[in-house]
Amino acid sequence: MRNDEPEGAGDRLMTLRELADYLSLNQRTVLKLAGDGAVPGIRLGAQWRFKREMIDAWLDDRMLGVRSAPPPPPAASARAFTFEQCLSESHVVPALAARTFMGALGELAARAAELGLVRDKTWFLGALVERENVLSSAVGKGVAFPHTLARHPEQVERPFILVGRSHQGLAAGAPDERPVRLVFMLGLRYEELHLPWLARLSSVLLERSARAALLDAAGPRELTRRLRELAGEVGGAG
């Protein structure tokens, strides 16, 4: 929320025109995005309405590159982290025990705490759930990228990604209603991030063969290797 906005303004539903102004786009473009399901909104009769906090979460996902569009070029102050800095074999849970998506978040948050990646498991899990209550991190095709909306360097020891695999699938409110089988939990520290490998990974995972390669991997070592290949970092690439 901007500092010059009255308290509670972010809770009010936005009209198509207001959202177009907020995004600095023309109304026709926003109408097409809404009609295609790209922008989270609800149609009431002939009118569209949008919740500000859901729009902000959607924008956050796009900035990270986990929804439909790659992030913009990094700012000069942006921090860049390589895939290998954020993921190791110990970060992979090849068979989640949880039977629900929220349970999977708890299981992965516990792993993050065990590895010393976060200082307060309760805070981290609460922040993840808060984000899910605004907008599901499930992007479709059986993939989800849960993360917190706010970046807290005092809570996250170092940027990380945890990978959980569910063989039975977890209902998570995905736009295509498919159960989530691959969970990529992000632990982030800064508002400005440049993670080109994350945008590449989320794009590649739209392909059935890429998802199958991860679902069929024998264990953490093979799954990690295949992830590095998909992210384009094997042999020092991209």
Side-chain angles (χ1 to χ4, degrees), residues 33-43 51 53-54 57-58 60-62 64-69 86-87 89 91-112 121 124-149 160-188 197-220 222-231:
L33 288 170
D36 292 343
V39 172
I42 184 172
R43 187 169 183 173
K51 197 169 185 178
E53 61 180 2
M54 292 185 71
W58 172 76
D60 187 61
D61 283 2
R62 287 177 68 94
L64 287 173
V66 300
R67 286 188 192 267
S68 72
C86 297
L87 176 73
E89 291 179 28
H91 293 194
V92 175
V93 180
L96 290 165
R99 299 296 179 181
T100 66
F101 187 65
M102 289 301 176
L105 295 185
E107 190 174 340
L108 290 172
R111 173 63 66 91
K121 181 186 72 173
F124 186 55
L125 178 57
L128 291 168
V129 172
E130 181 181 16
R131 165 61 171 73
E132 293 297 323
N133 288 337
V134 173
L135 180 68
S136 174
S137 61
V139 297
K141 305 288 187 180
V143 179
F145 291 90
H147 60 90
T148 63
L149 278 174
F160 66 86
I161 179 171
L162 295 180
V163 182
R165 186 172 61 178
S166 172
H167 293 291
Q168 77 276 4
L170 308 165
D176 60 2
E177 299 183 352
R178 293 175 62 172
V180 167
R181 300 188 65 192
L182 293 168
V183 182
F184 299 86
M185 180 176 285
L186 308 175
L188 306 174
W197 50 264
L198 179 57
R200 171 174 168 74
L201 182 62
S202 62
S203 176
V204 169
L205 287 173
L206 295 175
E207 301 174 11
R208 183 192 299 269
S209 60
R211 299 192 303 274
L214 298 181
L215 292 172
D216 294 340
E222 183 178 350
L223 201 153
T224 302
R225 178 181 61 79
R226 292 186 178 186
L227 275 171
R228 287 174 178 166
E229 292 173 351
L230 293 175

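Fair warning: this is a prediction, and the values are worked out from it, not measured in the lab. Quick note: residue numbers are just sequence positions, from 1.
Inter-residue side-chain proximity for L230 and L214 is flagged as met; some heavy-atom pair is nearer than 4.5 Å. The side-chain heavy atoms of E132 and S137, taken from C-beta on, include a pair separated by under 4.5 Å. Side chains of T148 and L188 form no contact here, defined as non-hydrogen atoms less than 4.5 Å apart.
Atom CD of Q168 has more than 12 neighbouring heavy atoms from other residues, nucleotides or ligands inside a 6.0 Å radius. In the displayed structure, E89 atom CD is contacted under 6.0 Å by more than 12 heavy atoms of other residues, nucleotides or ligands.
Not one N or O on the side chain of D36 forms a donor-acceptor pair closer than 3.5 Å with the backbone of A38.
The shortest heavy-atom contact between S166 and V180 is CB-O, 4.0 Å. Annotation for G65 and S202: closest pair O-OG, 2.5 Å, computed over non-hydrogen atoms. Summarising the geometry of D61 relative to H147, their closest heavy-atom pair is OD1-NE2, 2.7 Å, with the distance given to 0.1 Å. The two residues R211 and L205 have their closest heavy-atom pair at NH1-O, 2.9 Å. Taking all atoms of both residues into account, the shortest heavy-atom contact from L125 to A109 is CB-CB, 4.2 Å. Residues L108 and V183 come closest through the heavy atom pair CD1-CG1, 3.7 Å.
For the atom pair CG (L227) and CH2 (W197), the distance works out to 10.0 Å, reported to the nearest 0.5 Å. Between atom CG of residue D60 and atom CG of residue L135 there is a gap of 10.0 Å, rounded to the nearest 0.5 Å. Separation of atoms CZ (R165) and CZ (F184) is listed at 10.5 Å; rounding is to 0.5 Å. Atom CE of M54 sits about 9.0 Å away from atom OG of S136, to the nearest 0.5 Å. From L182, atom CG reaches atom CG of L223 across 7.5 Å, with rounding to the nearest 0.5 Å.
Between E222 and R226, at least one side-chain nitrogen of the basic residue sits less than 4.0 Å from a carboxylate oxygen of the acidic one, meeting the salt-bridge criterion.
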Yes or no on side-chain contact (heavy atoms from CB on, under 4.5 Å) for L149 and E130, after CA distance, side-chain angles and deciding distance? CA-CA 8 Å; L149 278 174; E130 181 181 16; 5.8 Å; no
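By the 30° and 60° cut-offs, the orientation of the rings of H91 relative to F160 is perpendicular.
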